[in-house]
Amino acid sequence: MRQKTLKTSISCTGISLHSGEKVSMNLCPAGIDHGIKFKRTDIAGGGSIIPARWDHVVDTRLNTTLGNDDGVTVSTVEHLMSALAGSNIDNALIEINGPEVPIMDGSAAPFMFLVECAGVVEQRSERRAIRIEKPIRVTDGDIFAEFIPDDGFVIDFAIDYSGTVIDRQEVSVPMAAGAFNNDVARARTFGFLSEVEQLRAAGLARGGSLDNAIVISGDEVMNEDGLRYDDEFVRHKVLDAVGDLYLAGAPIVGRFRGECSGHTLNNRLLRAMFADTEAWSVVPAKDLDISYATMPVAAEKVAMAATA
Ligand SMILES: [Zn+2]
């Protein structure tokens, strides 16, 4: 399996969830071993580059925020990172003219569509993966996140909102053969109306609306069209975890288990893993079932076969 980047640049414009500001974003191709990096085009000079890596995570309270040594940040990166993981994109430069990634419809699907429109190309270098070599767990009271060795990339997730319309939801998603596209990518972020009102009072969630989040009031989902999956809530947490874990800098070969985990524990887990050199190893991605088999990759293979 080879590294991949975008065939061409592609842009989008949208509203930021927290600031409510309109931002433009440009997904650009990048060279071998570049990884995923953000570039704040509204900031002059070299301090505008922010690597999309676990050790650049500076805030995880409401979303995952990345920052560099110059204090320049970009927030709410998790849904875009999830789409890039699901599209097998190893190398890309994400130009953005503001401090927060647009929320789009609250899922990863619009970003997947952008990548599909731009196209995906293979590069002349082997793709590497990070294989989990031993169990590693981080906890916070009753909640936890852990890695367990496994032949593939699997996400097990449980959330517990007992006493609300969400209740307890559990799902196990082996990330193979289109599972990300079909079972995860369209799941939207969610919030309770009472929380949204609190956030608004604090100057946050200004861009939040029924167009980019599932909003729950009492026992009801307020969105007119209802849910995209019966258990859309826990599937969105899977989407978040895929994005947060892609900040490892390579796909993971192993099983992730999250019990009410979130951005904070997801990042703590990566930090704990990288701190223990026996917990992981770098392996070639070939022969390992970590491919999400997305549409753009399939189309690319067809095109290559046609010209071969
Ligand atoms: Zn999310």
Side-chain angles (χ1 to χ4, degrees), residues 12 14-20 23 25 36 38 52 54 57-66 73-87 94 96 99-114 143 145 155-161 164 166 169-171 173 175 179-181 183-193 195-196 199 204-216 221 223 227-229 231-248 256 258-270:
C12 68
I15 299 292
S16 294
L17 178 62
H18 288 298
S19 69
V23 278
M25 195 168 72
I36 311 291
F38 288 85
W54 58 278
V57 171
V58 295
D59 195 344
T60 52
R61 283 171 296 179
L62 292 169
N63 57 65
T64 297
T65 298
L66 299 165
T73 62
V74 60
S75 61
T76 319
V77 301
E78 59 271 17
H79 304 162
L80 173 62
M81 290 305 296
S82 192
L84 294 173
S87 306
I94 315 297
I96 183 165
E100 191 180 351
V101 171
I103 190 68
M104 311 307 278
D105 73 348
S107 79
F111 300 128
M112 298 288 285
F113 179 70
L114 278 180
I143 70 175
I155 301 240
D156 297 339
F157 216 106
I159 55 173
D160 201 328
Y161 290 86
T164 76
I166 301 175
Q169 298 188 348
E170 295 178 17
V171 73
V173 187
M175 294 290 172
F180 183 84
N181 274 26
D183 304 334
V184 177
R186 295 174 60 244
R188 292 162 294 174
T189 191
F190 58 92
F192 292 89
L193 187 61
E195 278 175 8
V196 175
L199 287 170
L204 296 162
R206 287 180 178 186
S209 75
L210 293 169
D211 292 331
N212 53 39
I214 308 166
V215 180
I216 302 146
V221 169
N223 306 63
L227 299 177
R228 293 176 174 180
Y229 308 95
D231 54 356
E232 186 169 355
F233 306 100
V234 72
R235 285 178 193 274
H236 183 78
K237 300 298 277 188
V238 172
L239 186 160
D240 279 342
V242 170
D244 285 341
L245 297 182
Y246 205 44
L247 296 172
F256 169 93
E259 170 70 36
C260 304
S261 186
H263 304 306
T264 303
L265 277 190
N266 294 348
N267 186 248
R268 275 184 53 206
L269 181 62
L270 286 183

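The first residue of the sequence shown is numbered 1, and numbering continues consecutively from there. Counting starts at 1 for both ligands and their atoms, following the listed order.
Taking the Zn ion (ligand 1) as reference, the nearest N/O/S atom within His236 carries the name NE2. As for Asp240, its N/O/S atom nearest the Zn ion (ligand 1) is the one called OD1.
None of the N, O or S atoms belonging to Glu78 lies under 2.8 Å away from the Zn ion (ligand 1).
Counting only distance, with no hydrogens or angles, the side chain of Arg188 and the backbone of Asp105 share no donor-acceptor pair below 3.5 Å.
With sequence neighbours excluded, no residue forms a side-chain hydrogen bond (donor to acceptor under 3.5 Å, both in side chains) with Thr189.
Going from atom CZ of Phe38 over to atom CE of Met25 covers 7.0 Å, rounded to the nearest 0.5 Å.
Counting heavy atoms from C-beta outward, Phe111 and Ser87 have side chains that stay 4.5 Å or more apart.
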